[in-house]
2 protein chains.
Amino acid sequence: MLTIGKLGTQAGVKVPTIRYYEQIGLLPEAERSAGNQRLYGRRALERLAFIRHARDLGFSLGAIRDLLSLSDDPDQPCAAADAIARTQLAEIESRIARLTALKVELQRMLVQCAHGTIADCRVIEVLGDHSLCSTDHRHAESEAAP
Amino acid sequence: MLTIGKLGTQAGVKVPTIRYYEQIGLLPEAERSAGNQRLYGRRALERLAFIRHARDLGFSLGAIRDLLSLSDDPDQPCAAADAIARTQLAEIESRIARLTALKVELQRMLVQCAHGTIADCRVIEVLGDHSLCSTDHRHAESEAAP
DNA sequence: CTTGAAGCTATGGTCGCTAGAGAGATTAGG
DNA sequence: CCTAATCTCTCTAGCGACCATAGCTTCAAG
């Protein structure tokens with residue numbers, strides 16, 4: 001049996017995150033030791049690894065919840081899991097496209113920077129006046145910093 | 001003079017967002033009409049457009065705060081603004097790289113999905129066992145869904 | 001002068017955690 | 001066996017960057 005710390009280490013998930021997952025119902029309530037500490041077995045480790053991996057792949061916790069409920073019920077058709085992954089793929093592709101547009105814009109700003117004073121800094125100027133952008137694209141809808 | 005609604009429309013920013021920006025000190029406190037409504041002039045519009053544009057380009061509000069304080073001081077050298085933009089560019093490039101890795105992984109998962117039942121669905125299986133991933137890369141650090 | 005849209009403040013919710021306080025449990029070394 | 005160090009426990013609060021709602025007041029058009 002693993003304590004929460006060992007579990008976290010093995011799955012690559014921080015301890016408070018595990019407790020958070022339990023709190024929101026992604027992980028079942030753990031067994032407890034005599035001294036009230038959580039104890040986990042192989043099943044919990046696998047489930048947590050699943051969650052961790054899916055998070056790494058960009059799935060939301062909501063999508064992961066869906067995937068887990070599918071895998072808890074393994075005789076259902078696979079189409080649902082496939083659809084979730086497909087949606088996720090489309091989302092990632094669109095994010096890549098938006099980020100690439102932003103990258104081009106930023107590069108253009110930087111190339112034009114003459115390293116003088118703020119007064120004639122292209123970075124500030126371009127940010128202040130959208131019409132100075134290279135293309136007439138509207139920038140992405142809120143591809144905000146993380 | 002513009003009311004907050006007109007300002008929001010012209011700058012492409014929602015009304016509660018403008019009030020939020022004022023609250024966190026990104027916009028100065030607005031003048032008020034006799035009936036206590038906010039009134040804005042050209043300066044405020046320009047400042048808000050600057051913020052909006054920088055947000056579109058993925059700058060955090062913290063970075064925008066720095067850029068704004070630079071632009072309030074136009075005789076300084078431009079290097080600081082350049083550095084902020086350069087950091088932003090690096091961040092975006094790293095996110096693109098991570099997302100591209102995730103995309104490849106998801107595509108691989110989908111190709112392998114046998115469209116049978118969950119029992120032999122690769123989507124679930126791959127998510128449950130990282131070692132089944134095509135390459136041995138660790139996935140990105142938390143490139144979470146939006 | 002009335003009505004409906006737009007404004008006001010204040011509070012609370014979202015997502016996916018992360019941090020901290022203060023107390024109790026467990027383990028390793030002496 | 002005792003102590004010290006390291007977990008672990010619960011609970012609350014906070015992050016960024018907003019959005020939504022409630023219950024008001026103000027304003028502009030007809």
Side-chain angles (χ1 to χ4, degrees), chain A residues 1-27 29-40 44 48 50-68 88 91 95 139-146, chain B residues 1-27 29-40 44 48 51-66 68 88 91 95 139-146:
Chain A
M1 283 302 213
L2 300 166
T3 62
I4 196 170
K6 309 279 184 191
L7 179 73
T9 306
Q10 293 204 18
V13 176
K14 287 179 186 155
V15 167
T17 304
I18 298 172
R19 288 196 278 248
Y20 169 71
Y21 287 163
E22 178 181 313
Q23 191 193 316
I24 64 169
L26 264 191
L27 292 175
E29 292 193 18
E31 279 182 68
R32 297 299 181 118
S33 74
N36 197 35
Q37 301 195 348
R38 288 174 182 82
L39 292 177
Y40 299 92
L48 186 54
F50 182 102
I51 295 170
R52 162 75 207 270
H53 197 173
R55 286 293 298 138
D56 279 349
L57 287 170
F59 291 89
S60 72
L61 292 184
I64 291 170
R65 200 188 296 272
D66 292 348
L67 286 169
L68 281 170
Q88 201 59 29
E91 174 64 30
R95 293 220 273 156
H139 299 303
E141 294 296 307
S142 74
E143 181 63 48
Chain B
M1 284 303 217
L2 300 166
T3 62
I4 197 169
K6 309 280 184 192
L7 179 71
T9 305
Q10 294 204 19
V13 176
K14 288 181 185 153
V15 167
T17 303
I18 298 172
R19 289 197 279 247
Y20 169 71
Y21 287 163
E22 179 181 314
Q23 190 194 317
I24 63 168
L26 212 51
L27 292 175
E29 292 192 18
E31 280 182 69
R32 299 295 182 123
S33 72
N36 197 35
Q37 301 195 347
R38 289 174 181 81
L39 290 177
Y40 298 92
L48 186 54
I51 295 171
R52 164 73 207 270
H53 196 178
R55 286 294 297 137
D56 280 349
L57 287 169
F59 290 87
S60 71
L61 292 185
I64 291 170
R65 201 188 295 272
D66 292 347
L68 281 169
Q88 185 61 27
E91 174 65 24
R95 293 168 77 195
H139 300 304
E141 295 295 306
S142 76
E143 180 63 51

TODO: Report the nucleotide, chosen from dC9(D), dC8(C), dT18(C), that has the shortest atom-to-atom distance to any side-chain atom of Gln37(B).
DONE: dC8(C)
Open item on the list: Can you see if the side chain of Thr3(B) gets near the phosphate of dG7(C) - specifically, an N or O under 4.0 Å from OP1 or OP2?
Closed with: yes
Open item on the list: Whole angstroms only, please: what is the CD1-C1' distance between Ile24(A) and dT14(C)?
Closed with: 13 Å
Task: Spacing between Lys6(B) atom NZ and dA6(C) atom P, to the nearest angstrom - done: 8 Å
- [ ] Quickly work out the Leu2(A) CG to dC7(D) P distance and round it to whole Å.
- [x] 15 Å
Open item on the list: Show the nearest heavy-atom pair for residues Leu7(A) and Ala44(A), with the distance to one decimal.
Closed with: CD1-C, 4.4 Å
Task: Euclidean distance, atom CD1 of residue Ile4(B) to atom C1' of dC8(C) [Å, nearest integer] - done: 10 Å
Task: Sub-4.5 Å side-chain heavy-atom contact between Arg55(B) and Leu61(B) - done: yes
Open item on the list: If the cut-off is 4.0 Å, is Lys14(A) near the phosphate of dT18(C), judged by side-chain N/O to OP1 or OP2?
Closed with: yes
Open item on the list: Please confirm whether the shortest side-chain N or O distance from Tyr21(A) to OP1 or OP2 of dG16(C) is below 4.0 Å.
Closed with: no
Open item on the list: Using whole Å, what does the distance between atom P of nucleotide dG12(C) and atom CD of Gln23(B) come to?
Closed with: 14 Å
Task: Any side-chain heavy-atom pair of Leu67(A) and Phe50(A) under 4.5 Å - done: yes
TODO: Nearest whole angstrom, please: distance from the C1' of dA17(D) to the CZ of Arg52(B).
DONE: 14 Å
TODO: Taking only the side-chain heavy atoms of Arg19(A) (C-beta and beyond), determine which of dC17(C), dC9(D), dT9(C) contains the nearest atom.
DONE: dC9(D)
- [ ] Identify which nucleotide among dC18(D), dC27(D), dT10(D) has an atom closest to any side-chain atom of Ser33(B), counting heavy atoms from C-beta outward.
- [x] dC27(D)
Task: Leu27(A) CG - dG16(C) C1' separation (whole Å) - done: 14 Å
TODO: Go through Arg32(A) and Arg38(A) one step at a time and tell me if the side-chain contact (heavy atoms from CB on, under 4.5 Å) criterion holds.
DONE: CA-CA 5 Å; Arg32(A) 297 299 181 118; Arg38(A) 288 174 182 82; 3.3 Å; yes
Task: Closest nucleotide among dT9(C), dC17(C), dC9(D) to the Arg32(B) side chain - done: dT9(C)
Open item on the list: Any side-chain N or O of Arg38(A) below 4.0 angstrom from OP1/OP2 of dC9(D)?
Closed with: yes
Task: Spacing between Tyr40(B) atom OH and dC8(C) atom C1', to the nearest angstrom - done: 12 Å
Open item on the list: Nearest to the Thr17(B) side chain among dC18(D), dT9(C), dT8(D), which nucleotide is it?
Closed with: dC18(D)
Task: Options dT9(C), dT8(D), dA17(D), nucleotide nearest the side-chain atoms of Tyr20(B) - done: dA17(D)
Open item on the list: In the structure I gave you, are the side-chain heavy atoms of Ile51(B) and Val13(B) within less than 4.5 Å of one another anywhere?
Closed with: no
